[in-house]
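Structure first, then comments.
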There are 2 protein chains.
Amino acid sequence: MDPAVSDATVGRLPAYLRAAIDLGTQGVTSVSSDRLAEEAGAHPATLRRDLASLDITGTRGVGYDIKYLVSQISLVLGLNQQWPVVIVGAGNLGKALANYGGFAERGFPVAAMIDVSPELVGSTISGIPVVPTDELPRLVEEEDILVGIITTPADVAQEAADMLVEHGIRSILNFTTELLDVPPTVTCRSVDIATELQILSFYRQRGRAAQTGTGVPLGSEHG
Amino acid sequence: MDPAVSDATVGRLPAYLRAAIDLGTQGVTSVSSDRLAEEAGAHPATLRRDLASLDITGTRGVGYDIKYLVSQISLVLGLNQQWPVVIVGAGNLGKALANYGGFAERGFPVAAMIDVSPELVGSTISGIPVVPTDELPRLVEEEDILVGIITTPADVAQEAADMLVEHGIRSILNFTTELLDVPPTVTCRSVDIATELQILSFYRQRGRAAQTGTGVPLGSEHG
DNA sequence: CAGTGTGAATTTCTTCACAGCG
DNA sequence: CGCTGTGAAGAAATTCACACTG
(Lines give C-alpha, C1' and ligand atoms only; values in the text may rest on other atoms or scores of the structure.)
Protein backbone atom coordinates (compact mmCIF):
# COMPACT_ATOMS: atom_id res chain seq x y z
CA MET A 1 0.00 0.00 0.00
CA ASP A 2 1.56 3.21 1.10
CA PRO A 3 5.18 3.05 0.22
CA ALA A 4 6.42 4.51 3.47
CA VAL A 5 5.24 4.09 7.01
CA SER A 6 7.40 6.07 9.39
CA ASP A 7 9.50 4.35 12.02
CA ALA A 8 7.81 6.41 14.67
CA THR A 9 4.46 5.12 13.52
CA VAL A 10 5.62 1.52 13.50
CA GLY A 11 6.86 1.94 17.05
CA ARG A 12 3.41 2.94 18.19
CA LEU A 13 1.41 0.27 16.41
CA PRO A 14 1.86 -2.41 19.08
CA ALA A 15 0.48 -0.01 21.68
CA TYR A 16 -2.54 0.78 19.53
CA LEU A 17 -3.10 -2.89 18.95
CA ARG A 18 -2.93 -3.76 22.60
CA ALA A 19 -5.24 -0.91 23.55
CA ALA A 20 -7.73 -1.99 20.92
CA ILE A 21 -7.61 -5.60 22.07
CA ASP A 22 -8.10 -4.49 25.68
CA LEU A 23 -11.13 -2.43 24.81
CA GLY A 24 -12.50 -5.25 22.72
CA THR A 25 -12.21 -7.61 25.65
CA GLN A 26 -14.17 -5.11 27.71
CA GLY A 27 -16.97 -5.31 25.21
CA VAL A 28 -16.35 -1.97 23.51
CA THR A 29 -17.09 -2.16 19.78
CA SER A 30 -16.18 1.32 18.61
CA VAL A 31 -13.72 3.88 19.85
CA SER A 32 -12.78 7.50 19.20
CA SER A 33 -9.22 8.58 18.52
CA ASP A 34 -9.33 10.52 21.78
CA ARG A 35 -10.14 7.45 23.78
CA LEU A 36 -7.83 5.07 22.01
CA ALA A 37 -4.97 7.55 22.13
CA GLU A 38 -5.52 7.96 25.85
CA GLU A 39 -5.35 4.20 26.34
CA ALA A 40 -2.28 3.86 24.20
CA GLY A 41 -0.46 6.86 25.60
CA ALA A 42 -0.38 8.85 22.37
CA HIS A 43 -1.76 12.09 21.01
CA PRO A 44 -5.13 11.78 19.24
CA ALA A 45 -3.96 13.61 16.14
CA THR A 46 -0.88 11.43 15.96
CA LEU A 47 -3.01 8.36 16.22
CA ARG A 48 -5.35 9.47 13.45
CA ARG A 49 -2.43 10.28 11.22
CA ASP A 50 -0.74 6.97 11.96
CA LEU A 51 -3.83 4.96 11.12
CA ALA A 52 -4.53 7.02 8.03
CA SER A 53 -1.01 6.33 6.81
CA LEU A 54 -1.89 2.64 6.90
CA ASP A 55 -5.22 3.23 5.15
CA ILE A 56 -7.03 2.27 8.31
CA THR A 57 -10.10 4.45 8.38
CA GLY A 58 -12.78 5.28 10.92
CA THR A 59 -16.25 6.67 10.61
CA ARG A 60 -16.69 10.43 10.94
CA GLY A 61 -18.77 11.34 13.90
CA VAL A 62 -18.40 7.85 15.32
CA GLY A 63 -14.89 6.51 15.61
CA TYR A 64 -13.03 3.36 14.72
CA ASP A 65 -14.54 -0.10 14.73
CA ILE A 66 -12.60 -2.18 17.23
CA LYS A 67 -12.69 -5.46 15.37
CA TYR A 68 -11.60 -3.80 12.16
CA LEU A 69 -8.81 -1.98 14.00
CA VAL A 70 -7.49 -5.16 15.54
CA SER A 71 -7.59 -7.07 12.31
CA GLN A 72 -6.00 -4.32 10.24
CA ILE A 73 -3.20 -3.52 12.67
CA SER A 74 -2.51 -7.23 13.09
CA LEU A 75 -2.35 -7.56 9.35
CA VAL A 76 0.09 -4.70 9.00
CA LEU A 77 2.29 -6.17 11.71
CA GLY A 78 2.14 -9.56 10.08
CA LEU A 79 0.43 -11.14 13.07
CA ASN A 80 -2.10 -13.05 11.04
CA GLN A 81 0.27 -15.97 11.12
CA GLN A 82 2.54 -17.65 13.63
CA TRP A 83 6.23 -16.82 13.60
CA PRO A 84 8.13 -19.55 15.38
CA VAL A 85 11.34 -18.34 17.00
CA VAL A 86 14.55 -19.94 18.13
CA ILE A 87 16.34 -18.80 21.27
CA VAL A 88 20.12 -18.93 21.13
CA GLY A 89 21.64 -19.32 24.57
CA ALA A 90 19.93 -21.43 27.23
CA GLY A 91 21.31 -19.44 30.15
CA ASN A 92 19.15 -17.71 32.70
CA LEU A 93 17.64 -15.18 30.42
CA GLY A 94 17.04 -17.70 27.67
CA LYS A 95 15.36 -20.02 30.14
CA ALA A 96 13.26 -17.21 31.50
CA LEU A 97 12.04 -16.32 28.05
CA ALA A 98 11.34 -19.95 27.30
CA ASN A 99 9.41 -20.33 30.52
CA TYR A 100 7.64 -17.10 30.04
CA GLY A 101 5.00 -18.67 27.88
CA GLY A 102 3.53 -15.39 26.73
CA PHE A 103 5.21 -15.72 23.36
CA ALA A 104 3.16 -18.48 21.83
CA GLU A 105 -0.01 -16.74 22.81
CA ARG A 106 1.09 -13.63 20.99
CA GLY A 107 2.08 -15.45 17.85
CA PHE A 108 5.72 -16.29 18.50
CA PRO A 109 5.98 -19.90 19.67
CA VAL A 110 9.45 -20.97 20.72
CA ALA A 111 10.42 -23.89 18.50
CA ALA A 112 13.74 -24.66 20.13
CA MET A 113 16.63 -23.34 22.12
CA ILE A 114 20.18 -23.64 20.92
CA ASP A 115 23.11 -24.04 23.27
CA VAL A 116 26.66 -25.29 23.15
CA SER A 117 26.72 -26.74 26.64
CA PRO A 118 26.69 -30.57 26.52
CA GLU A 119 24.79 -30.74 29.82
CA LEU A 120 21.90 -28.76 28.44
CA VAL A 121 21.70 -30.18 24.96
CA GLY A 122 19.11 -32.91 24.86
CA SER A 123 17.12 -31.60 27.78
CA THR A 124 13.87 -29.68 27.56
CA ILE A 125 12.90 -26.44 29.29
CA SER A 126 9.17 -26.13 29.82
CA GLY A 127 8.69 -28.44 26.91
CA ILE A 128 11.09 -26.68 24.59
CA PRO A 129 13.98 -28.84 23.37
CA VAL A 130 17.54 -27.62 23.75
CA VAL A 131 19.47 -28.59 20.65
CA PRO A 132 23.06 -28.21 19.52
CA THR A 133 24.18 -25.58 17.08
CA ASP A 134 24.25 -27.88 14.10
CA GLU A 135 20.53 -28.46 14.32
CA LEU A 136 19.90 -24.90 13.19
CA PRO A 137 19.83 -25.57 9.44
CA ARG A 138 17.26 -28.29 9.93
CA LEU A 139 15.12 -26.08 12.17
CA VAL A 140 15.12 -23.21 9.74
CA GLU A 141 14.30 -25.54 6.92
CA GLU A 142 11.65 -27.70 8.50
CA GLU A 143 10.01 -25.30 10.89
CA ASP A 144 10.22 -22.14 8.81
CA ILE A 145 11.90 -20.18 11.52
CA LEU A 146 12.72 -16.62 10.56
CA VAL A 147 13.29 -15.08 13.96
CA GLY A 148 16.18 -15.63 16.37
CA ILE A 149 16.52 -14.31 19.90
CA ILE A 150 20.05 -13.98 21.22
CA THR A 151 20.53 -14.43 24.95
CA THR A 152 24.11 -15.63 24.95
CA PRO A 153 26.94 -13.94 26.82
CA ALA A 154 27.88 -10.73 25.05
CA ASP A 155 31.24 -11.97 23.83
CA VAL A 156 29.73 -14.63 21.60
CA ALA A 157 26.70 -12.66 20.49
CA GLN A 158 28.21 -11.62 17.18
CA GLU A 159 29.18 -15.19 16.52
CA ALA A 160 25.63 -16.30 17.27
CA ALA A 161 24.27 -13.60 14.98
CA ASP A 162 26.59 -14.67 12.16
CA MET A 163 25.42 -18.22 12.51
CA LEU A 164 21.77 -17.22 12.46
CA VAL A 165 22.27 -15.04 9.43
CA GLU A 166 24.20 -17.69 7.60
CA HIS A 167 21.35 -20.13 7.98
CA GLY A 168 18.68 -17.83 6.75
CA ILE A 169 17.27 -16.14 9.84
CA ARG A 170 15.72 -12.84 8.85
CA SER A 171 15.11 -11.09 12.18
CA ILE A 172 17.19 -10.94 15.32
CA LEU A 173 16.20 -9.73 18.75
CA ASN A 174 19.38 -9.16 20.67
CA PHE A 175 19.42 -9.10 24.46
CA THR A 176 23.13 -8.62 24.83
CA THR A 177 25.02 -5.40 25.22
CA GLU A 178 26.91 -6.06 22.01
CA LEU A 179 25.86 -4.02 18.97
CA LEU A 180 25.51 -6.56 16.19
CA ASP A 181 26.70 -6.29 12.64
CA VAL A 182 24.25 -7.88 10.26
CA PRO A 183 23.67 -7.61 6.53
CA PRO A 184 20.99 -5.16 5.43
CA THR A 185 18.65 -8.02 4.59
CA VAL A 186 18.37 -8.87 8.25
CA THR A 187 16.34 -6.84 10.71
CA CYS A 188 17.88 -6.50 14.10
CA ARG A 189 16.77 -4.89 17.35
CA SER A 190 18.64 -4.67 20.61
CA VAL A 191 17.18 -4.59 24.08
CA ASP A 192 19.79 -3.86 26.69
CA ILE A 193 18.50 -3.69 30.21
CA ALA A 194 21.43 -1.75 31.58
CA THR A 195 20.83 0.86 28.90
CA GLU A 196 17.26 1.22 30.03
CA LEU A 197 18.35 1.64 33.62
CA GLN A 198 20.88 4.27 32.63
CA ILE A 199 18.25 6.25 30.79
CA LEU A 200 15.94 6.02 33.78
CA SER A 201 18.79 7.25 35.88
CA PHE A 202 19.17 10.35 33.80
CA TYR A 203 15.53 11.31 34.01
CA ARG A 204 15.33 10.62 37.71
CA GLN A 205 18.28 12.89 38.35
CA ARG A 206 17.01 15.66 36.17
CA GLY A 207 13.60 15.41 37.73
CA ARG A 208 12.07 15.09 34.32
CA ALA A 209 9.28 12.58 34.31
CA ALA A 210 8.82 11.01 30.95
CA GLN A 211 6.29 8.22 30.86
CA THR A 212 7.93 6.43 28.02
CA GLY A 213 7.56 3.31 26.02
CA THR A 214 9.51 0.62 24.39
CA GLY A 215 12.17 0.50 21.75
CA VAL A 216 11.94 2.70 18.77
CA PRO A 217 14.60 3.02 16.15
CA LEU A 218 17.58 4.86 17.42
CA GLY A 219 19.12 5.80 14.14
CA SER A 220 19.26 4.40 10.68
CA GLU A 221 21.96 2.31 9.12
CA HIS A 222 25.39 1.76 10.46
CA GLY A 223 27.43 3.02 7.57
CA MET B 1 23.95 23.00 33.06
CA ASP B 2 22.07 23.23 29.85
CA PRO B 3 18.44 23.33 30.71
CA ALA B 4 17.34 20.89 28.06
CA VAL B 5 18.94 17.74 26.77
CA SER B 6 16.75 16.17 24.13
CA ASP B 7 15.19 12.77 24.62
CA ALA B 8 16.84 11.58 21.44
CA THR B 9 20.21 12.56 22.85
CA VAL B 10 19.58 10.81 26.14
CA GLY B 11 18.66 7.67 24.28
CA ARG B 12 22.03 7.63 22.57
CA LEU B 13 24.19 8.34 25.59
CA PRO B 14 24.40 4.74 26.78
CA ALA B 15 25.69 3.70 23.36
CA TYR B 16 28.33 6.43 23.40
CA LEU B 17 29.34 5.42 26.88
CA ARG B 18 29.67 1.80 26.01
CA ALA B 19 31.64 2.55 22.86
CA ALA B 20 33.98 4.81 24.80
CA ILE B 21 34.49 2.19 27.50
CA ASP B 22 35.18 -0.44 24.84
CA LEU B 23 37.78 1.68 23.14
CA GLY B 24 39.33 2.53 26.49
CA THR B 25 39.68 -1.14 27.29
CA GLN B 26 41.46 -1.59 23.99
CA GLY B 27 44.01 0.98 25.04
CA VAL B 28 42.74 3.85 22.92
CA THR B 29 43.10 7.17 24.72
CA SER B 30 41.60 9.59 22.24
CA VAL B 31 38.94 9.24 19.58
CA SER B 32 37.43 11.27 16.75
CA SER B 33 33.70 11.78 16.41
CA ASP B 34 33.87 9.75 13.19
CA ARG B 35 35.32 6.76 14.93
CA LEU B 36 33.19 6.93 18.05
CA ALA B 37 30.04 7.47 16.02
CA GLU B 38 30.91 4.43 13.93
CA GLU B 39 31.32 2.33 17.06
CA ALA B 40 28.12 3.60 18.58
CA GLY B 41 26.06 3.38 15.42
CA ALA B 42 25.36 7.09 15.12
CA HIS B 43 26.12 9.95 12.74
CA PRO B 44 29.29 11.90 13.57
CA ALA B 45 27.54 15.26 13.44
CA THR B 46 24.80 13.99 15.70
CA LEU B 47 27.38 12.74 18.14
CA ARG B 48 29.23 16.04 18.21
CA ARG B 49 26.01 17.93 18.75
CA ASP B 50 24.89 15.55 21.48
CA LEU B 51 28.13 15.89 23.38
CA ALA B 52 28.21 19.65 22.91
CA SER B 53 24.71 19.87 24.35
CA LEU B 54 26.12 18.33 27.52
CA ASP B 55 29.14 20.64 27.54
CA ILE B 56 31.37 17.71 26.80
CA THR B 57 34.11 19.07 24.60
CA GLY B 58 36.87 17.61 22.51
CA THR B 59 40.07 19.03 21.15
CA ARG B 60 40.02 20.46 17.63
CA GLY B 61 42.26 18.56 15.33
CA VAL B 62 42.54 15.72 17.80
CA GLY B 63 39.28 14.34 19.10
CA TYR B 64 37.80 13.44 22.45
CA ASP B 65 39.79 12.16 25.38
CA ILE B 66 38.42 8.74 26.27
CA LYS B 67 38.81 8.97 30.01
CA TYR B 68 37.17 12.35 30.06
CA LEU B 69 34.35 11.10 27.86
CA VAL B 70 33.66 8.13 30.07
CA SER B 71 33.70 10.18 33.22
CA GLN B 72 31.53 12.96 31.84
CA ILE B 73 28.91 10.73 30.26
CA SER B 74 28.81 8.64 33.41
CA LEU B 75 28.31 11.79 35.42
CA VAL B 76 25.47 12.96 33.23
CA LEU B 77 23.78 9.57 33.50
CA GLY B 78 24.27 9.55 37.24
CA LEU B 79 26.49 6.50 37.13
CA ASN B 80 29.08 7.88 39.49
CA GLN B 81 27.24 6.12 42.26
CA GLN B 82 25.52 2.80 42.80
CA TRP B 83 21.77 2.64 42.42
CA PRO B 84 20.49 -0.44 44.19
CA VAL B 85 17.33 -1.85 42.68
CA VAL B 86 14.54 -4.05 43.89
CA ILE B 87 12.90 -6.61 41.62
CA VAL B 88 9.19 -7.13 42.16
CA GLY B 89 8.09 -10.59 41.11
CA ALA B 90 10.36 -13.60 41.59
CA GLY B 91 8.97 -15.53 38.64
CA ASN B 92 11.06 -16.70 35.75
CA LEU B 93 11.94 -13.34 34.39
CA GLY B 94 12.65 -11.90 37.82
CA LYS B 95 14.92 -14.84 38.59
CA ALA B 96 16.65 -14.49 35.28
CA LEU B 97 17.39 -10.86 35.94
CA ALA B 98 18.58 -11.66 39.44
CA ASN B 99 20.84 -14.41 38.13
CA TYR B 100 22.04 -12.29 35.31
CA GLY B 101 24.64 -10.63 37.45
CA GLY B 102 25.48 -7.94 34.94
CA PHE B 103 23.56 -5.37 36.89
CA ALA B 104 25.83 -4.89 39.85
CA GLU B 105 28.78 -4.51 37.57
CA ARG B 106 27.05 -1.70 35.76
CA GLY B 107 26.05 0.11 38.91
CA PHE B 108 22.67 -1.39 39.67
CA PRO B 109 23.08 -4.05 42.36
CA VAL B 110 19.94 -6.00 43.15
CA ALA B 111 19.23 -5.45 46.84
CA ALA B 112 16.25 -7.76 47.10
CA MET B 113 13.40 -9.40 45.31
CA ILE B 114 9.83 -9.01 46.43
CA ASP B 115 7.25 -11.73 46.01
CA VAL B 116 3.94 -12.74 47.50
CA SER B 117 4.47 -16.47 47.19
CA PRO B 118 5.08 -18.05 50.64
CA GLU B 119 7.30 -20.74 49.11
CA LEU B 120 9.69 -18.19 47.70
CA VAL B 121 9.77 -15.69 50.53
CA GLY B 122 12.73 -16.39 52.76
CA SER B 123 14.77 -18.08 50.07
CA THR B 124 17.64 -16.54 48.17
CA ILE B 125 18.25 -16.51 44.42
CA SER B 126 21.92 -16.25 43.56
CA GLY B 127 22.48 -14.60 46.88
CA ILE B 128 19.61 -12.18 46.60
CA PRO B 129 16.99 -12.48 49.33
CA VAL B 130 13.33 -12.85 48.42
CA VAL B 131 11.29 -10.83 50.87
CA PRO B 132 7.57 -10.23 51.40
CA THR B 133 5.84 -7.08 50.28
CA ASP B 134 5.84 -5.45 53.68
CA GLU B 135 9.61 -5.32 53.72
CA LEU B 136 9.57 -2.67 51.03
CA PRO B 137 9.38 0.38 53.32
CA ARG B 138 12.39 -0.86 55.26
CA LEU B 139 14.36 -1.54 52.08
CA VAL B 140 13.68 1.87 50.64
CA GLU B 141 14.56 3.49 53.92
CA GLU B 142 17.67 1.56 54.85
CA GLU B 143 19.12 0.74 51.49
CA ASP B 144 18.22 3.93 49.66
CA ILE B 145 16.52 2.13 46.84
CA LEU B 146 15.06 4.40 44.21
CA VAL B 147 14.60 1.97 41.35
CA GLY B 148 12.10 -0.84 41.02
CA ILE B 149 11.90 -3.46 38.29
CA ILE B 150 8.50 -5.03 37.73
CA THR B 151 8.47 -8.61 36.48
CA THR B 152 5.13 -9.70 37.87
CA PRO B 153 2.27 -11.06 35.79
CA ALA B 154 0.68 -8.23 33.83
CA ASP B 155 -2.54 -8.21 35.80
CA VAL B 156 -0.88 -7.17 39.03
CA ALA B 157 1.69 -4.84 37.51
CA GLN B 158 -0.27 -1.67 38.22
CA GLU B 159 -0.74 -2.81 41.80
CA ALA B 160 2.99 -3.40 42.10
CA ALA B 161 3.69 0.01 40.63
CA ASP B 162 1.31 1.69 43.06
CA MET B 163 3.04 -0.01 45.93
CA LEU B 164 6.47 1.04 44.73
CA VAL B 165 5.35 4.60 44.21
CA GLU B 166 3.68 4.78 47.58
CA HIS B 167 6.89 3.82 49.29
CA GLY B 168 9.05 6.32 47.57
CA ILE B 169 10.45 4.54 44.54
CA ARG B 170 11.37 7.11 41.91
CA SER B 171 12.02 5.02 38.79
CA ILE B 172 10.28 1.96 37.43
CA LEU B 173 11.40 -0.39 34.72
CA ASN B 174 8.37 -2.33 33.64
CA PHE B 175 8.70 -5.68 31.88
CA THR B 176 5.02 -6.37 31.64
CA THR B 177 2.70 -5.59 28.79
CA GLU B 178 0.63 -3.34 31.00
CA LEU B 179 1.08 0.41 30.47
CA LEU B 180 1.53 1.82 33.96
CA ASP B 181 -0.04 4.91 35.40
CA VAL B 182 2.38 6.70 37.67
CA PRO B 183 2.54 10.21 39.07
CA PRO B 184 4.69 12.67 37.15
CA THR B 185 7.36 12.54 39.83
CA VAL B 186 8.11 8.97 38.90
CA THR B 187 10.02 7.99 35.81
CA CYS B 188 8.79 4.88 34.11
CA ARG B 189 9.95 2.87 31.13
CA SER B 190 8.40 -0.21 29.62
CA VAL B 191 10.17 -3.02 27.85
CA ASP B 192 7.75 -5.42 26.29
CA ILE B 193 9.30 -8.26 24.40
CA ALA B 194 6.24 -9.08 22.35
CA THR B 195 6.19 -5.47 21.20
CA GLU B 196 9.75 -5.78 20.00
CA LEU B 197 8.93 -8.95 18.11
CA GLN B 198 5.94 -7.29 16.49
CA ILE B 199 8.05 -4.41 15.32
CA LEU B 200 10.64 -6.79 13.94
CA SER B 201 7.82 -8.58 12.17
CA PHE B 202 6.77 -5.43 10.42
CA TYR B 203 10.22 -4.65 9.11
CA ARG B 204 10.86 -8.19 8.02
CA GLN B 205 7.65 -8.23 6.03
CA ARG B 206 8.28 -4.90 4.42
CA GLY B 207 11.81 -5.86 3.59
CA ARG B 208 13.04 -2.73 5.28
CA ALA B 209 16.19 -3.36 7.24
CA ALA B 210 16.59 -1.02 10.12
CA GLN B 211 19.54 -1.76 12.36
CA THR B 212 17.94 -0.30 15.41
CA GLY B 213 18.63 0.17 19.04
CA THR B 214 16.98 0.11 22.38
CA GLY B 215 14.15 1.99 23.92
CA VAL B 216 13.79 5.64 23.26
CA PRO B 217 10.91 7.73 24.45
CA LEU B 218 7.79 7.00 22.51
CA GLY B 219 5.87 10.11 23.36
CA SER B 220 5.68 12.57 26.16
CA GLU B 221 3.18 12.68 28.97
CA HIS B 222 -0.01 10.76 29.12
CA GLY B 223 -2.42 13.68 29.43
C1' DC C 1 -23.03 17.26 16.05
C1' DA C 2 -19.31 14.30 17.21
C1' DG C 3 -15.32 12.89 15.49
C1' DT C 4 -12.41 11.75 11.27
C1' DG C 5 -9.04 13.11 7.89
C1' DT C 6 -5.78 16.42 6.57
C1' DG C 7 -3.70 21.00 4.99
C1' DA C 8 -0.82 24.07 7.29
C1' DA C 9 1.93 25.65 11.22
C1' DT C 10 5.15 24.31 14.47
C1' DT C 11 8.47 21.97 16.76
C1' DT C 12 12.08 18.77 16.97
C1' DC C 13 15.82 16.19 15.07
C1' DT C 14 19.30 15.37 11.71
C1' DT C 15 22.68 16.43 8.45
C1' DC C 16 25.52 19.53 5.75
C1' DA C 17 29.26 22.36 5.37
C1' DC C 18 32.63 25.20 6.95
C1' DA C 19 34.86 28.69 9.96
C1' DG C 20 38.20 28.45 13.30
C1' DC C 21 41.08 26.36 16.77
C1' DG C 22 44.85 23.43 18.67
C1' DC D 1 46.32 19.98 8.84
C1' DG D 2 42.56 17.42 11.04
C1' DC D 3 38.76 17.64 13.68
C1' DT D 4 35.64 20.10 16.64
C1' DG D 5 31.73 23.11 17.30
C1' DT D 6 27.90 25.23 15.21
C1' DG D 7 25.10 28.29 12.00
C1' DA D 8 22.05 27.23 8.56
C1' DA D 9 19.52 24.03 5.66
C1' DG D 10 16.80 20.20 5.39
C1' DA D 11 13.92 16.39 6.84
C1' DA D 12 10.79 14.35 9.92
C1' DA D 13 7.47 14.27 13.36
C1' DT D 14 4.03 16.40 16.02
C1' DT D 15 0.25 19.24 16.86
C1' DC D 16 -3.27 22.62 15.65
C1' DA D 17 -7.47 23.65 13.77
C1' DC D 18 -11.14 23.03 10.89
C1' DA D 19 -13.64 21.57 6.69
C1' DC D 20 -16.42 17.86 6.02
C1' DT D 21 -19.05 13.75 6.49
C1' DG D 22 -21.90 9.90 8.36
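Here is how names work: the chains are called A, B, and so on, in the same order as the sequence lines, proteins then strands, and each is numbered from 1.
Salt-bridge annotation for R12(A) and D7(A): absent, with no side-chain N of the basic residue lying under 4.0 Å from a carboxylate O of the acidic one.
When distances run from any side-chain atom of S32(A) to the nucleotides dT14(D), dG3(C), dC16(D), the shortest one goes to dG3(C).
When the side-chain nitrogen and oxygen atoms of H43(A) are compared with OP1 and OP2 of dC16(D), one or more of them lie within a distance under 4.0 Å. Within the structure, a side-chain polar atom (N or O) of S33(A) is placed less than 4.0 Å from OP1 or OP2 of dT4(C). At least one side-chain nitrogen or oxygen of T46(B) sits closer than 4.0 Å to the OP1 or OP2 atom of dT15(C).
Under a 3.5 Å cut-off, the side chain of Q158(B) and the backbone N or O of D181(B) do form a donor-acceptor pair. For S74(B) (side chain) and V70(B) (main-chain N/O), a donor-acceptor pair under 3.5 Å exists by modelled atom type.
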Produce the list of close N/O pairs, under 3.5 Å, pairing protein atoms with atoms of nucleotides 8-12 of chain D; give distances to one decimal.
{"residue": "dA8(D)", "atom": "N6", "partner": "R49(B)", "partner atom": "NH2", "Å": "3.2"}

Go through T176(A) and N174(A) one step at a time and tell me if the side-chain hydrogen bond (donor to acceptor under 3.5 Å, both in side chains) criterion holds.
CA-CA 6 Å; T176(A) 75; N174(A) 170 32; 2.8 Å; yes
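In this structure, CG on L51(B) lies 6.5 Å from OH on Y16(B), to the nearest 0.5 angstrom.
Within a heavy-atom distance below 4.0 Å of DNA chain C, the residues of residues 57-65 of chain A found are T57(A), G58(A), T59(A), R60(A), G61(A), V62(A), G63(A), Y64(A).
In summary, the side chains of S32(A) and D34(A) do not present any donor paired with an acceptor at a separation below 3.5 Å, with no hydrogens or angles considered. With no hydrogens or angles considered, a side-chain donor-acceptor pair links T9(A) and S6(A) at under 3.5 Å. There is no side-chain donor-acceptor pair under 3.5 Å between S30(B) and D65(B).
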